[in-house]
Amino acid sequence: MNNQYFSFELQKVDPETGARAGIFHTPHGDIETPVYMPVGTQATVKGMLPKDLKEIGSQIILSNTYHLYMRPGDELIARAGGLHKFMNWDRPILTDSGGFQVFSLASLNKITDDGVTFSSHVDGSRHTFTPELAMKIQHNLGSDIIMAFDQCSEYGYDHAQARLAMERTGRWLERCYLAHDNEYQALFPIVQGNFYKDLRRESLERCLPFVKHGIAIGGLSVGEPKSLMYEIMDDLQPLLPTDVPRYLMGVGSPDCLVEGVLRGIDMFDCVLATRVARNGTALTSRGKVVVRNGKYKEDFTPLDPDCDCYCCRNYTKAYLRHLVNVGEMTGAMLLSLHNIAYLHKLMRGLRESILGGYVRDYVREFYRLQGDCAHEA
RNA sequence: GCGGGUGUAGCUCAGUUGGUUAGAGCGCCAGAUUGUGGCCCUGGAGGUCGUGAGUUCGAUUCUCGUCGCCCGCC
């Protein structure tokens, strides 16, 4: 499943859990897995400069077809020389197809086999996304990894509804595959099927013929209990292809990252780190720290005693609380920086422990430090 | 000094033709947040209704005194 642009080097698989460590080679550089990808929806990771992302070890970021198509337009970005150049990020970029966004953000008008008609969340204007258009936009953006256009189904869909969405996702995948005509962008199919194991398995079967460089699992972490998500992943794990990276879409709380890695996932993305940062919350080695809370008013210690990021090296909780409280953007920026740095560090730790053969111990220590709200696998 | 106005939550103000547990916004406190609409969302605490007396079955509401503040005049 390699070409001159993409190849996945599986370095080690933990025999007990199936946790994997590898290197994904792409046109814009190598990605050491497992990896967390910060989300830069609108061609920027909110509150972060590329140089800061590099300093904390971001290897690849995610951006978004739907948003960039709306503003400033994918053709404009193509004229600018592509998304990498436009946003000054020379490492790999993965773009989501817009499938999720037309369901979660836009007001839907109609879903047919042809595609999805919806009204923009920006100005209400009407648009239709098809698998072909989703490919064309991502071609214009020039991201390294492009995602298939899928139909998401909500938690709570019955089996029949979930089947329709899953089957349509399969048909759309074939069209994405046919419409995708270059070698320097890797197209990842997306497994759907809601929370029905038979549908998930069938969806995976439908994806396999189109898997070249990677595969994604979508439609999880959409409001269901974590135990249910883990059940679906457990069922899928032995059936997933081993020679390409596996991407679990939208998952990114620290405990979910750990549990995902233990189930053989290689790539994650999540807005959680940057979103909670903007609301004054830090993810730390000692669990969640709601910096806004009054108890930090005179806490002159760093956010996370085990972190050496710029924020933790230089600022106290009392100062961060002050910034958040008065609504200064610097607060959101520093917390975003720390949160992303923390998730990167967590993933590096997992990777090293897999390579070193002690992932179980690493995970045990992770949960011990996280304290109360830790969920056991 | 005279005349007028005003005093209700930390702040800015509603309200009651006299009637059970007096409201809002903001702020504060806490929670939420998972393929991102940064201002969102969900809870909570907090008031002897300036103060003293009177009228009344009952006063934050009416009357009088008093204190504070604002405006005008001298």
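Numbers restart at 1 for each chain; the letters A, B, ... are given by sequence-line order, proteins then strands. Atoms considered below: every heavy atom in the structure, side chains included; atoms not considered: hydrogens, waters and symmetry mates. This one's a predicted model, so the numbers in the text were calculated from it and none came from an experiment.
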According to salt bridge (charged side-chain N to carboxylate O under 4.0 Å, His left out), does anything in residues 315-344 of chain A pair up with another residue at least two apart or in another chain? List the pairs.
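Passing the test, one end in residues 315-344 of chain A: A/D299-A/K317.
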Just grab all the salt bridge (charged side-chain N to carboxylate O under 4.0 Å, His left out) pairs involving residues 13-38 of chain A, residues at least two apart or on different chains.
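Found A/E16-A/R360, A/R20-A/D266, A/E32-A/R351.
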Could you write out RNA chain B as a dot-bracket string, with dots for unpaired bases, | for bases paired across to another strand, and Watson-Crick or G-U pairs counted at under 3.5 Å?
(((((((..((((.....[...)))).((((.........)))).....(((((..]....)))))))))))).
Using a heavy-atom cut-off of under 4.0 Å over every strand shown, decide if A/V222 touches base, sugar-phosphate, or nothing.
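Touches nothing.
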What contact category does A/G219 fall into here, base, sugar-phosphate, or nothing, at under 4.0 angstrom with non-hydrogen atoms?
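Base: the residue A/G219, judged by heavy atoms under 4.0 Å, touches a nucleobase.
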Contact list for RNA chain B against [range] - heavy-atom distance below 4.0 Å:
range: residues 268-283 of chain A; answer: A/D269, A/C270, A/V271, A/L272, A/T274, A/R275, A/V276, A/R278, A/N279, A/T281
range: residues 148-176 of chain A; answer: A/D150, A/C152
range: residues 184-205 of chain A; answer: A/I190, A/Q192
range: residues 40-51 of chain A; answer: A/T41, A/K46

Say whether [X] and [Y], considering side chains only, have a donor N or O and an acceptor N or O under 3.5 Å apart.
X: A/D304; Y: A/S285; answer: yes
X: A/H121; Y: A/Y66; answer: yes
X: A/T95; Y: A/Q138; answer: yes
X: A/D150; Y: A/Q192; answer: yes

Pick out the pairs of N or O atoms, protein on one side and nucleotides 26-29 of chain B on the other, that lie under 3.5 Å.
| from | atom 1 | to | atom 2 | distance (Å) |
| --- | --- | --- | --- | --- |
| B/rC29 | OP1 | A/R321 | NH1 | 3.2 |
| B/rC29 | OP1 | A/R321 | NH2 | 3.0 |

If we take the P atom in both B/rU48 and B/rC2, what is their distance in whole Å?
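Between the two P atoms, the distance is 33 Å.
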Connecting only ILVMFWY residues whose side-chain heavy atoms lie within less than 4.5 Å of each other, what is the rest of A/M333's hydrophobic cluster?
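Noted: A/M333 shares its cluster with A/M329.
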For the student: nearest non-hydrogen atoms of A/P34 and A/V261, plus distance:
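That would be CB-CG2, 3.8 Å.
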Quick one: does NZ or CZ of A/R126 land under 6.0 Å from the six-membered ring centre of A/F118, within 45 degrees of the ring axis?
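Ring-cation test returns no.
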Pairs under 3.5 angstrom only: tabulate donor-acceptor contacts from the side chains of residues 158-168 of chain A to other protein residues two or more places apart or in another chain.
| from | atom 1 | to | atom 2 | distance (Å) |
| --- | --- | --- | --- | --- |
| A/D158 | OD1 | A/A160 | N | 3.1 |
| A/D158 | OD1 | A/Q161 | N | 2.8 |
| A/H159 | NE2 | A/D198 | OD1 | 3.3 |
| A/H159 | NE2 | A/D198 | OD2 | 2.8 |
| A/Q161 | OE1 | A/D158 | N | 3.0 |
| A/R163 | NH1 | A/E167 | OE2 | 2.7 |
| A/R163 | NH1 | A/E202 | OE1 | 3.4 |
| A/R163 | NH1 | A/E202 | OE2 | 3.2 |
| A/R163 | NH2 | A/E202 | OE1 | 2.8 |
| A/R168 | NE | A/D113 | OD1 | 2.9 |
| A/R168 | NH1 | A/Q151 | OE1 | 3.2 |

Quick one: does A/R292's side chain have a donor or acceptor within less than 3.5 Å of a partner on A/V324's backbone?
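Answer holds: no.
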Return all side-chain donor-acceptor pairs below 3.5 angstrom for residues 41-56 of chain A, not counting sequence neighbours, or 'none' if the list is empty.
| from | atom 1 | to | atom 2 | distance (Å) |
| --- | --- | --- | --- | --- |
| A/K54 | NZ | A/D90 | OD1 | 2.8 |
| A/K54 | NZ | A/D90 | OD2 | 3.3 |

Would you please indicate yes or no on a ring centroid separation below 6.0 angstrom for [Y] and [X]?
X: A/H25; Y: A/H213; value: no
X: A/Y315; Y: A/Y319; value: yes
X: A/Y310; Y: A/H338; value: no
X: A/Y157; Y: A/F195; value: no

Any A/K288 side-chain N or O less than 4.0 Å from OP1/OP2 of B/rG31
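It does not, given that no N or O in the side chain of A/K288 lies less than 4.0 Å from OP1 or OP2 of B/rG31.
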With ring-ring contact (aromatic ring centres under 6.0 Å, His included) as the rule and sequence neighbours excluded, what pairs involving residues 26-48 of chain A come up?
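Applying ring-ring contact (aromatic ring centres under 6.0 Å, His included) to every pair that reaches into residues 26-48 of chain A, excluding sequence neighbours, yields A/H28-A/H84, A/Y36-A/H344.
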